Amino acid sequence: MRILVVEDDPSISAPLKEGLTREGFDVEVASTGAAALAAEPADLVLLDLGLPDLEGRIVCQGLRAHSKVPIIVVSARGEEIDRVVLLELGADDYVVKPFGFRELVARIRAVARRISTTEQSPAVTELIVGPLHIDCRGRMVEFDGHHVDLTPKEYDLLVFLASDAGAVRGREQLIHDVWDEHWWGSTKTLDVHVASLRKKLRPELIETVRSVGYRLVELPVSAP
Ligand code: CA
């Protein structure tokens with residue numbers, strides 16, 4: 001597995017590279033945002049937000065614009081980052097400096113595991129719920145015959161809800177299955193993603209089940 005470490009501070013990137021290499025990862029370091037965007041495609045990106053040239057979120061968005069590579073954002077403590085915005089930009093997870101090396105490796109493995117389970121389960125290749133069509137192999141979503149652009153997390157959440165349409169999914173369960181069992185961020189993230197899915201698809205598609213969670217509703221297919 002190739003990891004791209006985007007970090008301008010060599011006192012952080014050097015030991016990180018050494019440690020991750022020892023863990024069996026193939027590590028490349030980019031010390032600027034521009035270098036990160038120009039780097040060979042990796043299997044996972046560790047992205048420091050405080051870069052000398054580009055704003056971290058621009059880099060995040062740039063990476064996301066042409067690849068689905070998992071991104072773990074690293075931010076300095078006290079740096080007021082808008083976590084929700086970052087996740088919306090397509091980051092998969094984030095850690096705050098100073099972080100423990102073990103914790104970081106656990107996060108990397110969790111993200112990698114999630115990606116590979118999604119990719120390796122060929123059982124479901126398509127989900128159709130009323131006007132909603134999900135092509136699971138191409139990770140493409142259509143609603144009412146129109147292609148809809150979703151962030152990786154929005155997509156995961158939608159697939160999770162659509163895989164059992166009509167069933168109520170609890171908040172904890174959603175956070176656990178769509179994000180991570182070790183997710184410690186605010187559960188507000190979930191609501192933000194639901195709100196964004198409603199906006200991109202249709203508000204009635206995802207129903208709030210008060211104090212429990214959410215449910216995906218099968219909407220009637222609109223007449224041609
Ligand atoms: Ca930095």
Side-chain angles (χ1 to χ4, degrees), residues 1-116 150-156 175 178-190 192-193 196:
M1 187 172 155
R2 271 190 84 240
I3 300 184
L4 174 64
V5 173
V6 187
E7 170 65 69
D8 58 312
D9 183 348
S11 74
I12 294 174
S13 62
L16 202 53
K17 177 173 181 170
E18 200 187 302
L20 290 173
T21 305
R22 229 182 302 120
E23 291 291 318
F25 298 109
D26 212 350
V27 184
E28 191 193 332
V29 175
S31 54
T32 61
L37 292 175
E40 293 285 305
D43 300 307
L44 187 139
V45 177
L46 215 57
L47 174 63
D48 172 37
L49 283 188
L51 294 169
D53 56 341
L54 295 171
E55 236 184 280
R57 45 191 292 172
I58 303 293
V59 180
C60 190
Q61 218 167 10
L63 287 168
R64 187 50 82 223
H66 39 240
S67 105
K68 298 205 181 303
V69 64
I71 302 172
I72 299 180
V73 160
V74 180
S75 75
R77 189 159 56 176
E79 200 170 55
E80 205 30 73
I81 55 156
D82 193 333
R83 294 162 179 173
V84 169
V85 167
L86 272 178
L87 294 167
E88 273 186 315
L89 289 178
D92 291 83
D93 201 353
Y94 53 87
V95 289
V96 178
K97 282 180 194 168
F99 49 82
F101 182 68
R102 285 285 126 215
E103 181 203 351
L104 179 68
V105 170
R107 296 283 186 104
I108 290 174
R109 295 207 194 280
V111 168
R113 201 166 48 235
R114 267 202 318 270
I115 304 292
S116 70
L150 299 181
T151 68
K153 276 295 158 220
E154 287 166 359
Y155 174 85
D156 291 345
I175 293 283
V178 178
W179 277 265
D180 188 73
E181 66 236 66
H182 306 300
W183 175 258
W184 52 270
S186 149
T187 60
K188 186 165 176 279
T189 304
L190 170 62
V192 169
H193 281 75
S196 157

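The chain is numbered in sequence order, starting from 1. Not measured: the values here are computed from a predicted model. Order of appearance sets the numbers: ligands from 1, and atoms from 1 within every ligand.
One finds the CD atom of Glu23 at 12.0 Å from the CE atom of Met1 (value rounded to the nearest 0.5 Å). Between atom CD1 of residue Ile72 and atom CG of residue Leu44 there is a gap of 4.5 Å, rounded to the nearest 0.5 Å. Once rounded to the nearest 0.5 Å, the distance linking CG of Asp156 with CG of Leu150 reads 10.0 Å.
Not a single N, O or S atom of Ile12, from either the backbone or the side chain, sits less than 3.0 Å from the Ca ion (ligand 1). At least one N/O/S atom of Asp48, whether from backbone or side chain, sits less than 3.0 Å from the Ca ion (ligand 1).
Closest to the Ca ion (ligand 1) among the N, O or S atoms of Asp8 is OD1.
A salt bridge is defined here as a Lys NZ or Arg NE, NH1 or NH2 lying under 4.0 Å from an Asp or Glu carboxylate O, and Arg107 with Asp92 fails to meet this definition.
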